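Heads up, the thing below is written out as structure tokens.
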Amino acid sequence: MGGRRPLSCPRRRRPPQVLLSVDVPVSIGQAAHGPRAQLHHRRRAGALPCHARLQRHAADGLGRLRPARRERRDRQWRAACAMDLRNIDHMRAQLMALGFAIDWSRELATCKPDYYRWEQWLFTRLFEKGVIYKKMATVNWDPVDQTVLANEQVIDGRGWRSGALVEKRDIPMYFFRITQYADELLNGLDTLPGWPERVKTMQANWIGRSTGVRLAFPLAAAGEQAAPHASGPTSDDLLWVFTTRADTLMGATFVAVAAEHPLAARAAANNPALAAFIDECKQGSVAEADMATMEKKGMDTGLNVVHPLTGEDIPVWVGNYVLMSYGEGAVMAVPAHDERDFGFARQYGLPIRQVIDARESSRALRQAIADTRKNRALSAEEAEFSESFAEHATEFTDRAWQDWYASKEGVCINSGKYDGLGYDAAVDAIAADLAALGLGEKKTQFRLRDWGISRQRYWGCPIPIVHCDSCGDVPVPAAQLPVVLPEDVVPDGAGNPLNRRADFVDCACPKCGGAARRETDTMDTFVESSWYYARYACPDLAAGMLDTRADTWLPVDQYIGGIEHAILHLLYARFFHKLMRDEGLLASDEPFTRLLTQGMVVADTFYREDASGKKLWINPGDVEVKEGIAILKADGQPVIVGGTEKMSKSKNNGVDPQALIDRYGADTARLFTMFAAPPEQSLEWSDAGVEGAQRFLKRLWKMVYEHVQGGPLPPAGEGANTRPKQIDDLRRQLHQTIQKVADDIERRKQFNTAIAAVMELMNALAKQDGDDAATRAVRQEALEAAVALLAPIVPHIAETLYAELKPGATLTWPTVDEAALVQDEIELILQVNGKLRGSVRVAAAADKAAIEAAALASEPARKYLEGRPPKKIVVVPGRLVNIVV
RNA sequence: GCCCGGGUGGCGGAAUCGGUAGACGCAGCGGAUUCAAAAUCCGCCGCCGCAAGGUGUGGGGGUUCGAGUCCCCCCCCGGGCACCA
């Protein structure tokens with residue numbers, strides 16, 4: 001777009017760049033309205049030009065535009081990519097109108113084969129290296145529609161369209177071995193000071209590194225178990241668990257396994273009731289949130305295992321709260337010291353054995369108990385539980401117990417030879433004893449699981465694998481890439497339509513040349529968005545994924561994206577960066593040096609109900625609200641007001657900034673959105689206030705023109721010695737403003753306060769109406785600075801006004817004049833007993849004694865002290881003085 | 001359920017390191033200008049109170065000379081929870 005000059009250009013090997021994660025919004029199903037940009041994208045974009053000379057534009061076609069949701073039965077998938085590209089066109093036009101300095105030559109669309117072929121190429125390399133592998137994984141299966149459902153499509157355990165009870169089903173899928181990079185992904189967070197703490201915390205918790213003990217419970221020989229393994233003890237006769245609390249092993253009173261655990265299946269073979277229970281557990285969604293909130297249920301398998309240290313028989317239960325995908329799919333249950341185990345044991349009457357003495361535990365625990373007691377009565381369960389351990393004279397509460405559990409304090413009791421040992425000593429001793437028996441070892445465990453990328457819903461990058469009966473799974477050779485996704489597919493709502501495309505499926509095996517079948521699963525669209533930032537370095541490269549330009553540009557200085565991506569997208573992008581590094585494609589370790597996570601934009605929702613009670617969502621742009629009643633502009637009839645929600649196409653509450661731009665211009669629209677709220681917060685969208693932004697720009701415009709009309713300025717420096725005090729005050733405020741705006745924008749990335757500071761400066765300037773030489777000189781200085789400070793936010797108007805103020809000059813960022821900041825007298829707040837009672841003026845250089853004297857002598861102090869002697873005087877330099885009596 | 005945020009006037013928000021709560025803007029009220037309106041300009045504007053003053057940052061407790069900010073308990077809202085992306 002050109003025309004904009006850099007504000008400043010520090011010498012660097014390359015200009016800093018900002019990468020804006022622009023999701024092209026979906027307009028499918030909104031044909032009547034045309035494509036509608038979602039406002040938060042523009043808001044995100046608005047934060048950019050202050051840092052950026054070059055911006056890159058992402059058009060993530062496969063990501064946002066997968067028409068797999070509610071619209072799919074109404075629309076053909078034909079030309080889906082063409083539609084993506086139309087949406088991208090609309091978005092591009094809008095971003096251009098807003099005046100961002102975006103380098104459009106780098107634009108790319110991830111739905112195009114020339115992009116995704118390199119993703120396929122990398123896939124084949126990683127597959128050969130073993131970084132990608134195939135295994136069975138559990139998905140949501142809709143038995144009526146015969147299709148895999150996304151978690152989002154499972155509502156209360158039923159398929160969203162068919163209403164059928166969803167089943168868990170195991171299918172083969174391809175996985176990225178992200179767990180191999182778990183340590184590096186975790187440790188790498190410490191090398192990212194430019195990332196928000198909360199995002200790093202979330203990622204660290206997600207990766208969830210924990211050290212503990214992996215140990216085995218041998219199956220008990222007795223009982224009615226089928227014992228199909230007649231050939232003596234094998235690994236099948238050991239039940240492995242992982243625990244971070246091996247010190248509580250002596251308190252394990254049962255073991256719980258997941259419904260999918262092989263042992264559960266073995267026990268169910270001749271136990272119909274158990275088989276039925278396992279079937280029940282296999283119903284419902286695979287989502288962790290559902291697993292964690294459902295009612296805890298279990299059933300005794302009838303099998304026993306032997307406690308590895310005591311030799312005691314303990315029962316094995318199937319628990320619906322045990323996750324097959326985490327750890328060993330089995331847990332040792334220590335009800336005395338684990339909340340879930342405790343609840344489970346109480347429900348089924350299983351024994352509870354305390355093995356940690358809380359009397360020896362921390363003061364924090366005692367404090368927690370006391371605090372709980374003080375603030376609320378103990379629940380019946382808590383009270384009962386604490387009584388059941390009365391013999392140890394210790395009160396337990398859910399909370400106290402949880403704190404203590406996590407803090408790993410206290411010593412072992414009722415644990416034989418381990419009695420009296422603290423956490424570390426007990427774990428060491430128990431791990432050593434288990435190791436001697438060959439039944440356990442210390443182990444580091446991650447919560448992070450490998451990344452399954454197979455999808456069965458057609459719209460995505462094809463997985464470049466050919467299945468051959470004689471050669472197995474064969475990666476497609478580089479020369480045969482890309483495997484192009486057919487776009488003329490008509491869906492019928494059941495399964496993956498690619499399966500029925502002979503022209504796609506049938507192919508020759510790249511190895512033996514025999515007849516083979518192409519993989520019809522496509523990749524998770526997160527894959528596309530995991531490396532697009534790198535492709536911007538060389539979007540035109542036809543001969544490879546990346547070339548040496550990648551290291552010229554990467555890592556990205558500043559990445560901007562929504563907070564909803566804090567974990568998955570950002571973790572996958574970091575992972576992909578390391579994969580590309582290890583392929584020799586680039587040299588850096590991390591993709592994004594600084595990260596700004598945007599809050600979301602929310603807006604009001606409106607709807608009407610049709611005869612069948614179905615809600616028809618109406619766009620806020622078509623609704624007028626008068627005196628609390630919302631009416632549809634088209635027919636003047638009322639509509640129902642829904643809640644305020646995240647902008648989404650399903651609720652049709654996306655706000656198109658185009659109307660705002662058309663009416664007020666791009667500068668006003670930008671100023672308004674930047675002023676509304678800091679970027680990290682979510683923003684409730686409302687047009688109210690946009691006139692204020694325009695009013696301010698008009699004032700600025702008028703002030704500049706009135707000043708310029710006053711004719712040329714007197715020579716610089718004239719009147720400098722005779723400046724009245726208020727002119728000095730104005731200059732001080734001016735330079736304080738320059739300082740603040742720079743800090744707000746560069747360090748705090750907070751634009752609303754930067755704008756407010758310039759507004760304050762303009763308010764002060766407007767009050768200074770003299771036209772003497774000194775006043776005019778300061779006015780010139782202040783207007784120049786104000787215009788330059790606003791240039792990142794309102795580039796068009798700033799450019800014009802600067803040309804008026806300084807014809808022919810290049811807009812330059814103002815510098816702070818330290819001398820102007822100096823004050824000889826300052827005002828301190830005066831408090832008496834911590835309450836505001838007035839203020840006192842002292843010399844800026846005054847020492848503590850002088851300040852105390854001035855404070856005591858002041859009128860308000862005398863009034864409030866009433867002759868009482870001060871007990872203490874607190875002086876905070878430059879701030880306040882507090883007299884305590 | 002678990003992890004991460006958040007809760008401040010009628011509204012959006014400010015208060016950056018524990019130091020004047022409510023900057024800046026919107027809305028509202030009063031005034032100037034105008035034949036009138038719009039626009040513009042000036043002033044007022046948390047709540048209670050005539051005032052002095054009191055009170056106030058989701059609720060309760062605590063630490064401190066001083067708490068929106070730190071600690072404990074509770075409530076509510078949002079994001080994420082691996083197939084929405």
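Note that the coordinates shown come from a computational prediction; the quantities given were computed from them, not determined experimentally. In what follows, chains carry the letters A, B, and so on, assigned in the order in which the sequence lines appear, proteins first and then strands, with residues in each chain numbered from 1.
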A/Val148 has its side chain closest, among B/C83, B/A21, B/A82, to B/C83
Nearest-nucleotide check on RNA chain B, A/Ala757 vs A/Lys698; residue mapping nearer the 5' end is A/Ala757
Nearest to the A/Met173 side chain among B/C83, B/C4, B/C24, which nucleotide is it? B/C83
Looking at A/Gln203, I'd like to know whether one of its side-chain N or O atoms comes within less than 4.0 Å of OP1 or OP2 on B/A82. no
Choose from B/A82, B/G1, B/U20 the nucleotide whose nearest atom is closest to any side-chain atom of A/Leu448. B/A82
Please determine whether any donor N or O and acceptor N or O are separated by less than 3.5 Å between the side chain of A/Lys835 and the base of B/U20. no
When you measure from the side chain of A/Arg695, which nucleotide among B/C26, B/A15, B/U20 comes out closest? B/C26
Check whether A/Phe175 forms a cation-pi arrangement with A/Lys134 (NZ or CZ under 6.0 Å from the six-membered ring centre, at most 45° off the ring normal). no
At 4.0 Å (heavy atoms only), tell me whether A/Thr293 reaches a base, stays on the sugar-phosphate, or touches nothing. base
From B/C84, B/A23, B/G1, nucleotide with atom closest to A/Glu288 side chain: B/G1
NA contact type, A/Arg748, heavy-atom cut-off 4.0 Å: base, sugar-phosphate, or nothing? base
Between A/Asn752 and A/Ile567, which residue's closest nucleotide on RNA chain B lies nearer the 5′ terminus? A/Asn752
For A/Arg447, which contact category applies under a 4.0 Å heavy-atom criterion: base, sugar-phosphate, or nothing? base
Among B/C24, B/A14, B/C3, the one nearest any side-chain atom of A/Gln750 is B/A14
Is there a side-chain contact between A/Val840 and A/Val842 in this structure, where contact means two heavy atoms from C-beta onward sitting under 4.5 Å apart? yes
According to a strict under-4.0 Å criterion, is A/Tyr321 in side-chain N/O contact with OP1 or OP2 of B/C2? no
Is the base of B/C83 touched by the side chain of A/Gln456 through a donor-acceptor pair closer than 3.5 angstrom? yes
For the side chain of A/Ala150, starting at C-beta, report the closest nucleotide among B/U20, B/G1, B/C84. B/C84
Got a donor-acceptor pair under 3.5 Å from the side chain of A/Arg747 to the base of B/U16? yes
For B/G25 and A/Asn763 - does any side-chain N or O of the residue sit under 4.0 Å from the phosphate oxygens OP1/OP2? yes
Return yes if the base of B/C65 and the side-chain atoms of A/Asn882 contain a donor-acceptor N/O pair under 3.5 Å, otherwise no. yes
